[in-house]
Amino acid sequence: MNYQTFFQNRPTTEIAQDLLGRMLTYHGIGGLIVEAEAYLGKKDFAAHSYNGRRSPANEGLYCEGGHLYIYAQRQYFFFDIATQEKDVPEGILVRAIEPKIGIEAMIKNRSGKTGPLLTNGPAKMMQALGVTSRKWDLANLADSPFEIDLAHKIIPREIIAAPRIGIKQADSYWAKAPLRFYVAGNPYISDMKKKNIQENNGWVLTK
DNA sequence: GCGGGGATGTACT
DNA sequence: GTACATCCCCGCA
């Protein structure tokens, strides 16, 4: 399966859940995706493409499935992947990974931080991977140093759907919509409490 | 372990 | 000038 097929032809919420447990790498370092949020186009009040808003800054959302939307807020970067066909501005924000490959490099990129602090948030994850620019914004995933393993995945014991983080419009339907998906009990989820961490980090045990 | 607040870049009014 | 799909540090427990 290629990226375009994976990121099209089914609802964005379904794609977001299918990303959990897959390996994401950048120049060969990375880990398993454990948390992702869906943003659902023109009707989604919380999305950058709300009401058809479109400019060079958010053009990535309008690209066809499998292209990157990398964007800066304050001094931090966010990693999104566009879904659906061209001109349909839906996408998925990858919020957190469980580090697996190149952990030493990630610790260095995060100036000595270890454990969940390495990657349990979108900007932390980008720092750990060493992404410090929007260079790959609008690129096709297949032509970028980013890689997602579509051939293998680890199965979460349970996927939780919850409201997205950092959405301020508290009175809006969209602020509360359960469009954030994560692996129950995984320590690398944003704001995960220690007591809620589950055996095997929430993955189904494999022989 | 928690809660509050400041730092800070970019796009848009 | 203002609003943000955030992070970190600092108090106080």
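All chains are named by letter (A, B, ...) in the order of the sequence lines, taking the proteins before the strands, and each is independently numbered beginning at 1.
- With C:dT6, C:dA5, B:dG1 as the choices, the nucleotide that has an atom nearest any side-chain atom of A:Lys194 turns out to be B:dG1.
- The partner of B:dG1, taking Watson-Crick or G-U wobble pairs whose two distances both stay under 3.5 Å, is C:dC12.
- When the P atom is compared between C:dT2 and B:dG6, the two are found 16 Å apart, to the nearest whole Å.
- Listed nucleotides: B:dC12, B:dT8, B:dC2. Nearest to the side chain of A:Lys193: B:dC2.
- Residue A:Ser55 places its side chain closer to B:dA11 than to any other of B:dA11, C:dC7, C:dT6.
- For the 3.5 Å distance criterion, the side chains of A:His48 and A:Tyr69 qualify, holding a donor opposite an acceptor.
- Checking A:Glu98 against A:Thr119 by side-chain atom types alone, no donor-acceptor pair falls below 3.5 Å.
- In this structure, of C:dC8, B:dA11, C:dA5, it is C:dA5 that holds the atom nearest to the side chain of A:Ile167.
- Here the side chain of A:Ala72 is nearest to one of C:dA5, B:dT10, B:dC12, namely B:dT10.
- Base pairing analysis places B:dT8 opposite nothing; no Watson-Crick or G-U wobble pair with both distances below 3.5 Å involves it.
- Nearest nucleotide to the A:Gln75 side chain, out of C:dC8, C:dC4, B:dT8: B:dT8.
- The six-membered or imidazole ring of A:Phe79 lies near that of A:Phe146, with a centre-to-centre distance under 6.0 Å.
- Nucleic acid contact for A:Arg180: none, since no nucleic acid atom lies under 4.0 Å from a heavy atom of the residue.
- For A:Tyr76, the listed nucleotide lying nearest its side chain is C:dC7; candidates were C:dA5, C:dC7, B:dC12.
- Shown here is A:Glu147, whose CD atom has no more than 12 heavy atoms of other residues, nucleotides or ligands within 6.0 Å.
- Proximity of A:Arg53 to the phosphate of C:dA3: no side-chain N or O atom is located under 4.0 Å from OP1 or OP2.
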